[in-house]
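Following: one structure in structure tokens, then a few remarks.
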Amino acid sequence: MKSEFLQRVIGHIDLDYFYAQVEEVENPALKERPVIVCVFSGRTEDRGVVSTANYVARGFGVRSGMPIVNAKKLLQGKDPAVIRMNHEKYEVVSTRIMDALSEKVDVLEPTGIDEAFFDVTASTSGDFERARTAAMGIKEAILSTEHLTASVGLGRSKAVAKLGSDLAKPGGLKVVLPEQTKDFLGPLAVEKLYGVGPKGASLLKGAHISTIGQLAGADPQELEKLFGKKLSVYLLEASKGNDSDPVRGDLEPTQFSRIVTLKEDTTDVEEILSQLETGVGHVHEKLSSSGKSFRTLTAIGILTDLSTKTKSKTYETPVSDEESIRGGLAELFDEMSAVSDKQFRRVGVRVSGFTDARDQKSLSDFLQA
DNA sequence: CCCTCGATCAC
DNA sequence: CCTCATATCGAGGG
């Protein structure tokens with residue numbers, strides 16, 4: 001209970017250019033070369049995007065999300081290493097690191113395969129210098145055990161910590177003391193703030209808000225008109241480093257999904273279901289391995305113009321078998337294609353509305369009814 | 001309160 | 001030219 005009145009000490013850790021760095025560790029000769037780890041769509045030989053590029057490749061202008069073809073142009077004659085993404089491999093490394101990390105902090109909240117928030121308020125008694133030492137130890141441990149570099153930010157809130165690790169990249173440590181928070185955040189561009197993407201940034205620009213400092217001084221009423229209740233309140237808090245969302249170590253996934261790119265655009269439901277079969281298997285496997293059942297099934301379609309259509313159904317009672325997924329999807333895609341005759345480019349499946357053992361219907365519930 | 005759907009974010 | 005996975009919000013309808 002002693003941490004009850006302490007100012008929080010929050011960290012954010014980000015493994016640098018993770019997928020590409022894992023490949024470098026496995027094959028150190030790659031370090032001198034541009035490396036791009038790619039997701040191939042399977043449409044044609046070279047279609048797809050760059051998932052992660054090492055800093056050598058970034059030096060030539062390559063960015064993640066960039067079509068592979070474009071990246072290759074930028075790396076013409078630069079001896080690039082083009083590597084197919086191997087998610088399983090990165091998952092193993094990530095799990096090892098996250099497990100070790102969870103031993104070194106009070107609370108760890110992974111937010112992706114290569115990043116996590118952590119809380120060290122209690123173990124440092126709220127002292128940022130002790131937290132700095134802990135963070136250096138964490139970076140050192142990852143370097144010596146996995147040969148990987150990471151960037152870390154420390155601050156009094158998640159938004160501050162995240163911003164810190166971002167500015168510390170690659171390989172650095174940024175400590176924002178509570179009393180420095182305002183000066184640190186003030187001059188930064190709003191789009192740097194966690195939760196502000198392209199759409200939000202452009203809305204803010206329209207309101208003549210371009211720095212986090214300006215956001216902090218914005219009229220709450222006006223912000224609410226632009227962003228709604230929840231988000232406007234969050235933005236205002238985060239811009240002052242006062243976002244209060246806690247670091248949670250106990251988060252369970254609430255959905256599993258899989259999207260595949262079709263060999264070619266189509267409206268044919270049979271074809272869609274056939275090509276989505278591996279996706280169904282994947283989602284079903286995730287359900288099995290996590291021991292979850294779901295109630296809501298969603299068919300996802302991404303049309304030729306890249307707009308997204310979804311259609312979902314909720315089962316009366318939780319299910320987890322593959323046939324409920326397959327059969328449900330057939331219905332949903334039939335209904336979807338009946339409404340619009342647009343062609344699908346990518347299709348997917350999502351299960352959500354998990355029920356855990358606590359509120360699972362038990363035999364006694366049935367006997368009572 | 002529950003369900004459905006689209007949008008946004010960020011990985 | 002344009003991958004993939006997840007969480008969250010708000011609107012609209014019941």
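From a predicted model like this one, the values you see are computed outputs, not experimental measurements.
Nucleotide B:dT8 holds its P atom 9 Å from the CG atom of A:Leu203, rounded to whole Å. Taking atom CG of A:Asp305 as the reference point, atom C1' of B:dA7 lies 14 Å away to the nearest angstrom. Here C:dT8 presents its P atom at 19 Å from CZ of A:Phe227, a figure rounded to the nearest Å. Summarising the geometry, the separation between CG on A:Leu231 and C1' on B:dA7 is reported as 12 Å, rounded to the nearest angstrom. Atom CZ of A:Arg63 is separated from atom C1' of C:dC2 by 18 Å (rounded to the nearest Å). Look at CG on A:Leu303: it is 11 Å from P on B:dA7, rounded to the nearest Å. Across the protein-nucleic acid pair, A:Asn86 atom CG and C:dC4 atom C1' stand 15 Å apart, rounded to whole Å. Put simply, CD on A:Gln255 is 14 Å from C1' on B:dT4, counting in whole angstrom units.
Counting heavy atoms from C-beta on, the side chains of A:Val39 and A:Ser51 come closer than 4.5 Å. Side-chain contact check for A:Ile142 versus A:Thr149: every heavy-atom pair is 4.5 Å or farther apart.
Between A:Glu222 and A:Lys225 there is no salt bridge, since none of the side-chain N atoms of the basic residue sits less than 4.0 Å from a carboxylate O of the acidic one. For the pair A:Glu264 and A:Arg345, the salt-bridge criterion is not met [side-chain N within less than 4.0 Å of a carboxylate O]. Comment: A:Lys89 engages A:Glu23 in a salt bridge, judged by a side-chain N to carboxylate O separation of less than 4.0 angstrom. A salt bridge between A:Lys169 and A:Asp16 is absent, with no side-chain N of the basic residue lying under 4.0 Å from a carboxylate O of the acidic one.
The 5' end of DNA chain C is approached more closely, in terms of each residue's nearest nucleotide, by A:Arg43 than by the other of A:Lys230 and A:Arg43. Between A:Lys286 and A:Asn70, the residue whose closest nucleotide on DNA chain C is further toward the 5' end is A:Asn70. With the nearest nucleotide of DNA chain B identified for both A:Thr111 and A:Thr296, A:Thr296 has the one nearer the 5' end.
Here A:Leu306 lies in heavy-atom contact (under 4.0 Å) with a base. No contact: A:Val50 has no heavy atom under 4.0 Å from any strand. Residue A:Lys162 is classed as a sugar-phosphate contact, given heavy-atom separations below 4.0 Å to backbone atoms only. Residue A:Val49 is in base contact, counting any heavy-atom pair closer than 4.0 Å across all strands shown. Backbone-only contact: A:Gly200 has heavy atoms under 4.0 Å from sugar-phosphate atoms and none from a base. Nucleic acid contact class of A:Leu193 (heavy atoms, under 4.0 Å, all strands): sugar-phosphate only.
For C:dC2, neither phosphate oxygen OP1 nor OP2 lies less than 4.0 angstrom from any side-chain nitrogen or oxygen of A:Ser41. Residue A:Thr308 has no polar side-chain atom (N or O) positioned under 4.0 Å from OP1 or OP2 of B:dG6. OP1 or OP2 of B:dC3 sits under 4.0 Å from a side-chain N or O of A:Arg295. Taking 4.0 angstrom as the limit, A:Lys311 places a side-chain polar atom (N or O) nearer than this to OP1 or OP2 of B:dC5. Taking only side-chain nitrogens and oxygens, A:Lys313 never comes nearer than 4.0 Å to OP1 or OP2 of B:dC3. Close to C:dA5, at under 4.0 Å from its OP1 or OP2, lies a side-chain N or O of A:Arg258. Remark: A:Thr254 is in phosphate contact with C:dA7, judged by side-chain N or O atoms under 4.0 Å from OP1 or OP2. Put simply, A:Arg47 has a side-chain N or O that comes within less than 4.0 Å of OP1 or OP2 on C:dC2.
Relative to the side chain of A:Pro198, the nucleotides C:dG10, B:dC9, C:dA7 differ in distance, and B:dC9 lies closest. Minimum atom distance to the side chain of A:Asp114 is reached by B:dC11, of the listed B:dC11, C:dG10, C:dA5. The listed nucleotides are C:dA7, B:dC5, B:dC3; the one nearest the side chain of A:Thr314 is B:dC3. Side chain of A:Glu115, nearest nucleotide from C:dT6, B:dC11, B:dT4: B:dC11. Closest to the side chain of A:Arg345, from the set B:dG6, C:dT3, C:dT6, is C:dT3. The side chain of A:Tyr194 approaches B:dA10 more closely than any other nucleotide in the set C:dT8, B:dT8, B:dA10. Distance from the side chain of A:Ser257 is smallest for C:dA5 among the nucleotides B:dG6, C:dA5, B:dT4. The side chain of A:Arg346 approaches C:dC4 more closely than any other nucleotide in the set C:dC4, C:dG10, B:dC11.
Other members of the cluster containing A:Leu236 are A:Val160, A:Leu163, A:Leu167, A:Val176, A:Phe184, A:Leu185, A:Leu188, A:Val190, A:Leu193, A:Tyr194, A:Val196, A:Leu203, A:Leu204, A:Ile209, A:Ile212, A:Leu215, A:Leu223, A:Leu226, A:Phe227, A:Leu231, A:Tyr234, A:Leu235, with ILVMFWY side chains joined at under 4.5 Å, either directly or via other members.
Cation-pi geometry between A:Lys78 and A:Phe60 is met: the NZ or CZ atom falls under 6.0 Å from the ring centre, inside 45° of the normal.
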Legend entry - Pair pattern of DNA chain C in dot-bracket, where unpaired bases get dots and | marks partners in another strand, Watson-Crick or G-U under 3.5 angstrom: ......||||||||
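Judged by distance alone, the side chains of A:Gln21 and A:Tyr90 never bring a donor and an acceptor atom under 3.5 Å apart.
Across A:Pro34 and A:Val56, no two heavy atoms sit closer than the pair N-CG1, 3.5 Å.
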